[in-house]
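A short worksheet on the structure shown next.
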Amino acid sequence: MAQAVVEKSMKEIFYKVQFNKTDHPRYIKKLMNLYERTSVDAFWKWFVYCLKVPLTTAQQHPHVINTLEFCAKFSMSFYSSAENENMESMSPFLIKLFKFLLSHHHAKDKAVRFRICHFLNMLLNSMGEHAFIDDTLCDRITDNMTERLLDKSPKVRAQAVFALHRLQDPADEQCIIIKMYLFHLSKDPQAEVRKAVLATMGKNQKTLQAAIKRTRDIDESVRKMAYEFISKVTVRSLSIEQRERLLKDGLKDRSEIVRAYVSNVLLPTWLRYYKGEYISLIHALDAGIGTETATSALQTLFKNADLKALLEQTTVDNNTRLIPLANLSNENVLYWKCVIQHLQRLSYTEELELIIPELSQFCKYICDYIAHISSKSYEAWEQECHKFILLQLFEISKAYDLSDEVGRKNLNEIIVDTLMGDHCSAKIIECTVSHLAKVIPNTNDMLNTVANIISEIRLPSKENIVVQETTVEQQRENNVQKARLKVEMLELEEELYEAVKGEHFLEADILKEKIKVLKEKIKHLSEIVPTEAVISDDIREEKNDTATMVKCLNILYTAMRAQLIRVLTPTLRSLMSIVLDGLDHPDDRVHILALKTLGLYCIFDKELAKKHIMIFFYQFSLEQENQEIWVVALKGIFDLLLSYGLDYFEILQSLEDSTQNRSERSRTLYTHDNTVVSINKGIKSEKSSCNFVKILTGLLDNPNQDLRTIAAEGICKLLLNKRISSNSLISRLIILCYNPVNADDVYLRQCLSAFFDYFVTCVPDAHEMLENSYLPTLRVLCNAPDVSPLQEIDIYHVSRFILSLTRRERQKDGQTFYTHNNLAFAILAEILNPESKIDQETLIKSLTNLHIQIEDGTSKHSLLEAVENVANMITDSDKRLMKYVQQFKKKLGTPCETMNVAAAEESESEN
């Protein structure tokens, strides 16, 4: 056939196929007829000629996609016929096509690289499910596309991911493609590439774990794609902890598209796996541990659920409308509670009455359950289950209308009995005491009831007291046992010495544990002293053991947090003795609860706050193994400082470098560069005040992450509420934000990010403080020791951050001020200062981030003169920086010709 005819026919076919995919089969037949009537070389010549057009088109247009799809379908028609004839052969046309594509995958034009990867993906996808290709060709595609995975263009990398997906083998632990996928999924900076990996990656345990990590990706589309990947994996492939975390994160994700996918796809998929049985799904989430997540999951599923199906799955008896006591479990009671709450929200009163009895009957049900679990002894895990079920029953009691006086009285009695009983956890206390405020609407009556409960727990009736006596004979036996234990301990200490000496450290650790156990036993025996039985009708001994104190303080703390309480009543003041007793208790749990409760007392009464604030600071002077005590104390301090201000506690401070009256002498405290906060010397409690500021700022560098975060959050609140004003603290917070030590502290970074956004708009002196903290912050970073993590911080990024915060003008006394005008002079002066230790390149590059608004001719002349001096200095040192000076001078509206042109040209040639 003549070349002209082939060319015309080929171009006509390629023109027609770009418009409509439905015509593709017809034109494939035409093209195949043309192929059969033409020599291979002639056909190939014009086929490639036409194919190059869509392969070199960067525009994402349907016509391009249609043409490439047509080419892929036509090319695979050769593969099909070859497959029918000989399973090991591939047509010459296909071989030439693959060679052509793979020989041009590294083209200079990124559009060509993109289209070749794209077309390769189309070719491989056009093959059947059981397709095969030659090992040599497979290896060549893998090698070439692996190169494209390292392409500088993210779009090309993404298409290379798609092109490789049919060549991966998830069953092979050493699969190179899977390894590359996992690398790009965790390391690639572009969300488009990470999404492509999640869309194509095969499923095995390694890829599943990688996808779970991406559910916390910074990009919402990647997070959604990660959940899509996980939704295609059976729920049994995930551990209970992973299921709980995935739902917890997904249902609370800040992105609507992620929340919608988890709610509408992932959760229903899991429910279908359990055949629509909600209780089985709750069991898979472990209701006792993931209660909040299981509840959120049920609430989400209930929105689109059939009401009849929900009622049918509750395991209540139709007559009693209660779950039989013997059948109660974590799962069915939680489901029962969630259905009741769902019906209550929708005001479905008739349906609600089908699964819940009257209040008095329900109170009797709770009593029967408590009697049931008290009838015999249980294992520790069983006791935890009982407490969980009891908590859910009290949560259900909140659904009742309390207008029924008899029912309300019964509920009051069961709450009081439960609080004084032995089946009371911290969550049950929180639930019942908070509900007690509604059961007893009068605040004084409610507090009196709480006081009576606490009194009865600490001072039990005579019949409840069990006196354990130790006779003299028993004491003698204890002494003999103690002597034996001491001998045994001495022998172990000798063995420990020999083990350490011989460097047998594992053996030494075991011996240390044995010695520790023996010491505990000896200590316990030493505490037992002989007693004599004392019979008294009047005296009741006050209980101060850990369990009693924890329970009483929990009850008091929860009662004080009730919304109705705003001031200290006489009853609350009388209960403060238990709080003060708790502060001296040796157990940390009691100590922590006492501090929390004392904080509430101080919030309610300013005189108590002034009297007891030092107790919170005192905690930092003690060596604490349990740093939660410091965390609670720090929260209490910030709450009080925010409520009353530093001046109320005589912790006065003044602005550094301000224009305020300095007639009174002052002393500066704790600094990482110059000053932090000035404390007035005229205050009587000067030493304490100094320590206050030193402790709070020093905690920003504490190795404990929780303390750093709370200290930063508290200082941010003080600054936002204008309780303090400090340039140095602003500097510390900026450095804290960039410190790599805090890279994993997401909450702290979000807190600081939100703080600076609000700070510049809500605090009148924010720009002035940021201006004054600019150079000191850069000095700290430049002077950081070599071993300091601050060395990893990019100083220019910090500089640009501060300058971006101060970009807007500020109003003061009716006048407009431009912070960048002052910073321009400060930066230029620092560049020209021969003794400056700040990196010169950082300062010069920072000039380009300034937005200058100078109308005064004298100031502008001075600024230009300083810029000229900098330019002359650069000419003799680092001419590479001249372009930044030129950019800055352009901003000032002056021609660059006045600069040293030769130096500028040399600078450009170097770059």
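In this text the structure is predicted, and so the values were computed from the model without any measurement.
Formation of a donor-acceptor pair under 3.5 Å by the Tyr227 side chain with backbone atoms of Gly250 is found in this model. Side-chain atoms of Tyr884 never come within 3.5 Å of backbone atoms of Leu843 as a donor-acceptor pair (strictly under, hydrogens ignored). Remark: side-chain polar atoms of Arg732 are paired, donor with acceptor, to backbone N or O of Thr697 under 3.5 angstrom. Put simply, the side chain of Trp630 never gets that close to the backbone of Leu707: no donor and acceptor are under 3.5 Å apart. A donor-acceptor contact shorter than 3.5 Å links the side chain of Thr709 to the backbone of Gln705. No side-chain donor-acceptor contact under 3.5 Å links Gln791 to the backbone of Val787. With hydrogens and angles disregarded, a donor-acceptor distance shorter than 3.5 Å links the side chain of His184 to the backbone of Leu149. Panel note: side chain Ser186, backbone Leu182; a donor-acceptor pair is recorded below 3.5 Å. Distance alone, capped at 3.5 Å, places no donor-acceptor pair between the Asn833 side chain and the Ala829 backbone. Side chain of Asn821 to backbone of Gln853: a donor-acceptor contact under 3.5 angstrom is found.
With a 6.0 Å radius and a threshold of 12 heavy atoms from other residues, nucleotides or ligands, Lys635 has its NZ atom at or below the threshold. Taking a 6.0 Å sphere around CZ of Phe825, one finds it holds more than 12 heavy atoms contributed by other residues, nucleotides or ligands. Heavy atoms of other residues, nucleotides or ligands lying less than 6.0 angstrom from NZ of Lys596 number 12 at most. Applying the 6.0 Å contact sphere to CD of Gln209 captures more than 12 heavy atoms from other residues, nucleotides or ligands.
Looking at Glu628 and Arg589, no side-chain N of the basic residue comes within less than 4.0 Å of a carboxylate O on the acidic one, giving no salt bridge. Look at Arg223 and Asp219 and you find no salt bridge, because none of the NZ, NE, NH1 or NH2 atoms lies under 4.0 Å from a carboxylate O. Salt-bridge annotation for Arg254 and Glu220: absent, with no side-chain N of the basic residue lying under 4.0 Å from a carboxylate O of the acidic one.
Counting heavy atoms from C-beta on, the side chains of Lys889 and Glu868 come closer than 4.5 Å. Using a 4.5 Å heavy-atom cutoff, the side chains of Arg779 and Glu830 are in contact. Side chains of Ser846 and Tyr774 form a contact here, defined as non-hydrogen atoms less than 4.5 Å apart. Phe759 places a side-chain heavy atom less than 4.5 Å from the side chain of Leu770. Within the 4.5 Å cutoff, no side-chain heavy atoms of Lys155 are placed close to those of Lys110. Side-chain contact between Leu718 and Leu642: present, with at least one pair of heavy atoms (C-beta onward) separated by less than 4.5 Å. Contact of the Pro740 side chain with the Ile793 side chain is registered, since non-hydrogen atoms from C-beta on lie closer than 4.5 Å.
The one candidate from Lys195, Arg194, Lys224 that meets the salt bridge (charged side-chain N to carboxylate O under 4.0 Å, His left out) condition with Asp217 is Arg194.
Tyr796 and Asn849 are linked by a side-chain donor-acceptor pair at a separation below 3.5 angstrom, with hydrogens and angles left out of the test. Side-chain contact, Arg708 with Asn742: a donor N or O sits under 3.5 Å from an acceptor N or O. Looking only at atom types and distance, the side chain of Gln887 has no donor-acceptor partner in the side chain of Thr848 under 3.5 Å away. Side chains of Thr842 and Asp839: a donor on one and an acceptor on the other come within 3.5 Å. Thr806 and Thr819 share no side-chain donor-acceptor pair at under 3.5 Å. There is no side-chain donor-acceptor pair under 3.5 Å between Ser731 and Ser773. Donor-acceptor pairing under 3.5 Å is lacking for the side chains of Glu771 and His820.
Of all heavy-atom pairs spanning Pro764 and Lys722, the tightest one is CD-CD, 3.9 Å. Counting all heavy atoms, side chain and backbone alike, Gly599 lies closest to Leu640 at O-CD2, 4.5 Å. Nearest heavy atom pair, residue Val222 against residue Leu198, reads O-CD1, 3.6 Å. In terms of heavy-atom proximity, Leu699 sits nearest to Ala711 at CB-CB, 3.8 Å. Contact detail for Val193 and Pro154: the closest heavy-atom pair is CG2-O, 3.5 Å.
Atoms CD1 and CD1, from Ile838 and Ile831 in turn, are 9.5 Å apart once rounded to the nearest 0.5 Å. One finds the CZ atom of Phe801 at 5.0 Å from the OH atom of Tyr738 (value rounded to the nearest 0.5 Å). From Phe616, atom CZ reaches atom CG of Leu641 across 10.5 Å, with rounding to the nearest 0.5 Å.
In this structure, Tyr648 and Tyr644 have tilted ring planes: the angle between them lies in the 30° to 60° band.
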Please walk me through it: do Asp765 and Ser725 pass side-chain hydrogen bond (donor to acceptor under 3.5 Å, both in side chains)?
-> CA-CA 8 Å; Asp765 297 326; Ser725 178; 4.9 Å; no
